Amino acid sequence: MTRPLLIAPSILSANFAKLGEEVRAVDEAGGDWIHIDVMDGHFVPNITLGPDIVRAIRPCSQKTFDVHLMIAPADPYLEAFAKAGADIISVHAEAGPHLHRSLQTIRALGKRSGVVLNPGTPASAVEPVADLVDLVLCMTVNPGFGGQSFIAPVCDKVRTIREILGDRDVDIEVDGGITPETAPLAASAGANVLVAGSAVFRGPSYEDNIAAIRTAAQQSIGRA
Ligand code: DX5
Ligand code: ZN
């Protein structure tokens, strides 16, 4: 099954002083999803934004809001993010003891569910929840900050997860250190959604930045 290749700009690297404009800008520049990083200063060593900000930027784009929760516990906040306008809500496998409950809750809220694996978490963590997810997000950096270096061995894990998922209708997303240089490694391993923060929100043209990542990834899978 050929899945569309999607680019998801991460607004973690946006100018927070004009966040709405930045969301509109990456939408118009060709971003497919808007990736929203939620950090609590507990599960990860940084604090970002909550459901009120998601609600505030919701009118700025019709595109899929891909909410990546780096918070523990996550369950008490799932409904708030759903009501704020998330389309996909992803929780870390490492963030709590009741992963099935979190994923079932996300689906019961009418949203697409995602499980996120840190670089140190093995592919086998997907097996018990393979039928409960619409998305598997493989971190290619340790979460917490933008602008870190891509951890290339995660690509082997992406290949294994693609095998585990078989023909299930599940996207595989990678997040961290994605550039036109690293995107081909992830795409050729089987990732079809590429998150990029610092490689998008820089320079004169977000459009050129997104296009460069997309073209490099598509070339690597023979779709240029
Ligand atoms: C890291 C976040 C990423 C981050 C990626 O914890 O989950 O989404 O914004 O930033 P870059 O693309 O700069 O590595
Ligand atoms: Zn993220």
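All values reported here derive from a predicted model rather than from experimental measurement. Whatever order the structure lists ligands and atoms in, that order sets their numbers, starting from 1.
- Asp175 and His68 share a side-chain donor-acceptor pair at under 3.5 Å.
- Every atom of ligand 1 is numbered from 1 in the order shown, and the set under 4.0 Å from a heavy atom of Met139 is 7 (O).
- Scanning the protein for heavy atoms near atom 14 (O) of ligand 1, the closest one is Gly177 N, 2.8 Å.
- Near Met39, the atoms of ligand 1 lying under 4.0 angstrom from a non-hydrogen atom of the residue are 6 (O).
- A distance of 10.5 Å separates CG of Asp37 from OG of Ser90, quoted to the nearest 0.5 Å.
- The backbone N or O of Asp75 lies less than 3.5 Å from no partner atom in the side chain of Arg101, so there is not a single donor-acceptor pair.
- Within the structure, ligand 1 has Gly147 among the residues with a heavy atom less than 4.0 angstrom away.
- Here the CD1-CG distance, from Ile161 to Asp156, works out to 11.0 Å after rounding to the nearest 0.5 Å.
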> Please walk me through it: do Asp87 and Arg112 pass salt bridge (charged side-chain N to carboxylate O under 4.0 Å, His left out)?
Replying inline: CA-CA 6 Å; Asp87 297 299; Arg112 281 139 79 192; 6.0 Å; no
> Between Arg24 and Asp27, does a salt bridge (charged side-chain N to carboxylate O under 4.0 Å, His left out) hold up when you go through it step by step?
Replying inline: CA-CA 5 Å; Arg24 273 192 206 97; Asp27 176 325; over 6 Å; no
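- Of all the N, O or S atoms in Asp175, the one closest to the Zn ion (ligand 2) is OD2.
- Within ligand 1, counting atoms from 1 as listed, the ones closer than 4.0 Å to a heavy atom of Asp37 are 2 (C), 3 (C), 4 (C), 7 (O), 8 (O), 9 (O).
- Summary of contacts: the protein heavy atom closest to atom 3 (C) of ligand 1 is Asp175 OD1, 2.8 Å.
- In this structure, the side chains of His100 and Val129 come closer than 4.5 Å at one or more pairs of heavy atoms.
- Nearest protein neighbour of atom 13 (O) of ligand 1, counting heavy atoms only, is Ser198 OG, 2.5 Å.
- When hydrogens are left out, the protein atom nearest atom 10 (O) of ligand 1 is Gly146 CA, 3.5 Å; that is the closest non-hydrogen contact.
- The Zn ion (ligand 2) lies at the vertex of an angle of 90° between the OD1 atom of Asp37 and the NE2 atom of His35 (rounded to 10°).
- Atoms of ligand 1 lying under 4.0 Å from any heavy atom of His68, numbered from 1 in the order shown and given with element: 7 (O).
- In Ser10, the part holding a heavy atom less than 4.0 Å from any atom of ligand 1 is the side chain.
- Of all atoms in ligand 1, listed by their number and element, those nearer than 4.0 Å to a heavy atom of Met70 are 6 (O), 7 (O).
- Contact between Ala74 and Leu69 at its shortest, heavy atoms only, is CB-CD1, 4.4 Å.
- The closest side-chain heavy-atom distance from Asp134 to Ile88 is not below 4.5 Å.
- Among heteroatoms of the N, O or S kind in His68, ND1 lies nearest the Zn ion (ligand 2).
- Ranking the protein heavy atoms by distance from atom 6 (O) of ligand 1 puts Gly144 N, 2.8 Å first.
- Looking only at protein heavy atoms, the nearest one to atom 1 (C) of ligand 1 is Phe145 O, 3.6 Å.
- Side chain of Thr215 to backbone of Ala212: no donor-acceptor contact under 3.5 angstrom is found.
- The shortest distance between side-chain heavy atoms of Val67 and Lys111 does not fall below 4.5 Å.
- Interface of Pro143 with ligand 1, defined as ligand atoms under 4.0 Å from a residue heavy atom, comprises 6 (O).
- Shown in contact with Ala196 at under 4.0 Å from a heavy atom are these atoms of ligand 1, numbered in order with element: 12 (O).
- For atom 12 (O) of ligand 1, the nearest non-hydrogen atom of the protein is Gly197 N, 2.7 Å.
- A side-chain donor-acceptor contact under 3.5 Å links Glu181 and Thr179.
- Of all atoms in ligand 1, numbered sequentially from 1 with element shown, those under 4.0 Å from a heavy atom of Gly176 are 14 (O).
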